[in-house]
Engineer: 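Below is a structure I'd like to ask you about.
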Amino acid sequence: MSRTVLLPALVGLVVLVGWQLLSATLPPFLMAGPLEVLSALSAHAGKLAHSAWITGSAAVAGLCIATLSGLLLGGLFATSRTAERALYPYALLVQTVPVIAIAPLLVVWLDYGWWVSCVSAAIVSFFPMLTGAHVGLRATDPDQLALLRLYGAGHRQQLLLLRLPAAAPHIFAGLRTAGGLAVIGAVVGDFVGSNGQPPSLGYVVLKAAAAADVARSFAAVVVSALLALALFGLTRVAEHATIGAWHGDRATA
Amino acid sequence: MAAPAVRFQAVDFRWSSDSPLLLSDFDLVVEAASVTAIVGPSGCGKSTLLRLAAGLVHPTSGTVNAGPAGAGHRGYVFQAPTLLPWRSVAENVGLPLDLVPGFVPRERTRRIADALRAVQLEDAADKLPHALSGGMQMRASLARALVTRPKLLLLDEPFSALDALTRRLVHQQFQAAWRAAAATVLFVTHDIDEAVLLADRVVSIGGSPLQIRADLPIPLPHPRTPELRHDPALGALVRTLEESL
């Protein structure tokens, strides 16, 4: 087995053993060890899977909204300096305002439930998508653009034949970051905007912690992390399938 | 005498209103079906002349007439291959046909095959550009310029990124391809040996604003082989041009 696999596995094992030993010295309402978390995962698998579906669907829907709006606004910025100058400060503002501060307002506007998590996920994942699309669409090689203009390509043909494919690596880089952030945004939305109907992951984390069921709270955190990993993995698969042949490791091999 | 393929007439050019004049009252005539090389020091404005001829930039005043614009009448080879990395070599070569209306799929396929054959890249048709050597990428770039069967071929230092051995090989392949295409070729280079070896006429330019320093016909027979480099006649022409710069 290569060192790239063995070393992280060894570190992980040491951390897990250390965590287990530490948890044995603390009361169960303060800390649960990996074995207790595993046991909670197994005992509440059905309910956690349902919660993962609620939070995961909000994260994915929020990511889709962020992707679409990020691409549209990034495209507008890349084609119009005036629009970029007028709107970019406000796009930056969306990035700088903490989502936890906006979430209570979302509850006011949208009522408790799934939509708060969805919009919260969209807000936090919007900026990486905008940046990816904006930078990518601006990074078109000027000579390639001149070539298309030489053959009379219009704006639409330039976009479809050159600018969009050339921007794809930047857009996927944005999507990788945005995927992880979308789960964070959805869980924050759950914390503030979920009343347990339906029981989202964030709600389970809070509810279990309040009931001193640390193992179950940890189990919900683990599921949230797995959700973010799954989104990251899906993005990588999509990236590999669409641009992997000409961009990245295979293309430079 | 054949009608001119490119005519610069009293051309003034500056990049922006506050930048200095790059060209002032500049005249140049390029005869049809000839190979003309423009030599000059780096950054003097050689590529700007090509971009003016291609219609990619427009003169501040005066006229540049290079035949009909668009519809594939002009082929252009950039200093870098500028292939689209997500398209196969064949699809890159066929790119101009996607933009020029009126090509049925069968004709498109035939044109691509002809262009690839002209630069001896038939076997690389399905490969992606990153799988090709630098020389092969430049040949694919030439095939793309040839695919619309242009009357005017504009080449912007197409050999400058190649190593010496590859450059000699690609010189031969380019000569064969553009002779077969019977196009007017206007190419810029900073390599005087290369200009004399490949062209029917070499125009040496320099100064600010740009001026023609020497305009020399190259009365050497075609095809020009690498061995011709050792010909005393070629050496004398090179020296004349070097003195003009």
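Quick note on labels: first sequence line is chain A, next is B, and so on, each numbered from 1. All heavy atoms count here, side chains included; hydrogens, waters and symmetry mates do not. Everything numeric in this text was worked out from a predicted model, so none of it was measured.
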Engineer: By a 4.5 Å heavy-atom criterion (distance strictly below it), what part of R144(B) contacts chain A: side chain, backbone, both, or neither?
Structural biologist: both
Engineer: Just do the side-chain contact (heavy atoms from CB on, under 4.5 Å) check on I243(A) and W86(B) with the steps written out, would you?
Structural biologist: CA-CA 7 Å; I243(A) 65 169; W86(B) 51 89; over 6 Å; no
Engineer: Looking only at heavy atoms, which two atoms of Y76(B) and L150(A) are closest? And how far apart?
Structural biologist: CB-CD2, 3.4 Å
Engineer: Go through the atoms of L128(B) and report whether side chain, backbone, both or neither lie under 4.5 Å from a heavy atom of chain A.
Structural biologist: side chain
Engineer: In terms of heavy-atom pairs under 4.5 Å, which option from P165(A), A153(A), A168(A) contacts chain B the most?
Structural biologist: P165(A)
Engineer: For the residue pair H130(B) and W246(A), what are the closest heavy atoms and their distance?
Structural biologist: CD2-CA, 4.2 Å
Engineer: Look at atom CG of D163(B) and say whether more than 12 heavy atoms of other residues, nucleotides or ligands are closer to it than 6.0 Å.
Structural biologist: yes
Engineer: Report which part of L148(A) has an atom under 4.5 Å of a heavy atom belonging to chain B: side chain, backbone, both, or neither.
Structural biologist: both
Engineer: Looking only at heavy atoms and a cut-off of under 4.5 Å, which of L162(A), L147(A), D141(A) has the most pairs with chain B?
Structural biologist: L147(A)
Engineer: Looking only at non-hydrogen atoms, find the nearest pair between Q144(A) and L83(B) and report the distance.
Structural biologist: NE2-O, 3.1 Å
Engineer: Does anything in residues 153-180 of chain A form a side chain to side chain donor-acceptor pair (under 3.5 Å)? List the pairs, not counting sequence neighbours.
Structural biologist: R176(A)-E239(A)
Engineer: Using 0.5 Å steps for rounding, measure from the CG atom of D156(B) to the CG atom of D143(A).
Structural biologist: 7.5 Å
Engineer: If every non-hydrogen atom of A145(B) is compared with every non-hydrogen atom of Y151(A), which pair is closest and at what distance?
Structural biologist: CA-OH, 4.0 Å
Engineer: I'd like to know whether R87(B) forms a side-chain contact (heavy atoms from CB on, under 4.5 Å) with L161(A), so could you lay out the CA-CA distance, the side-chain angles of the two residues, the decisive distance to 0.1 Å, and finally the verdict.
Structural biologist: CA-CA 10 Å; R87(B) 282 184 163 227; L161(A) 291 172; 3.4 Å; yes
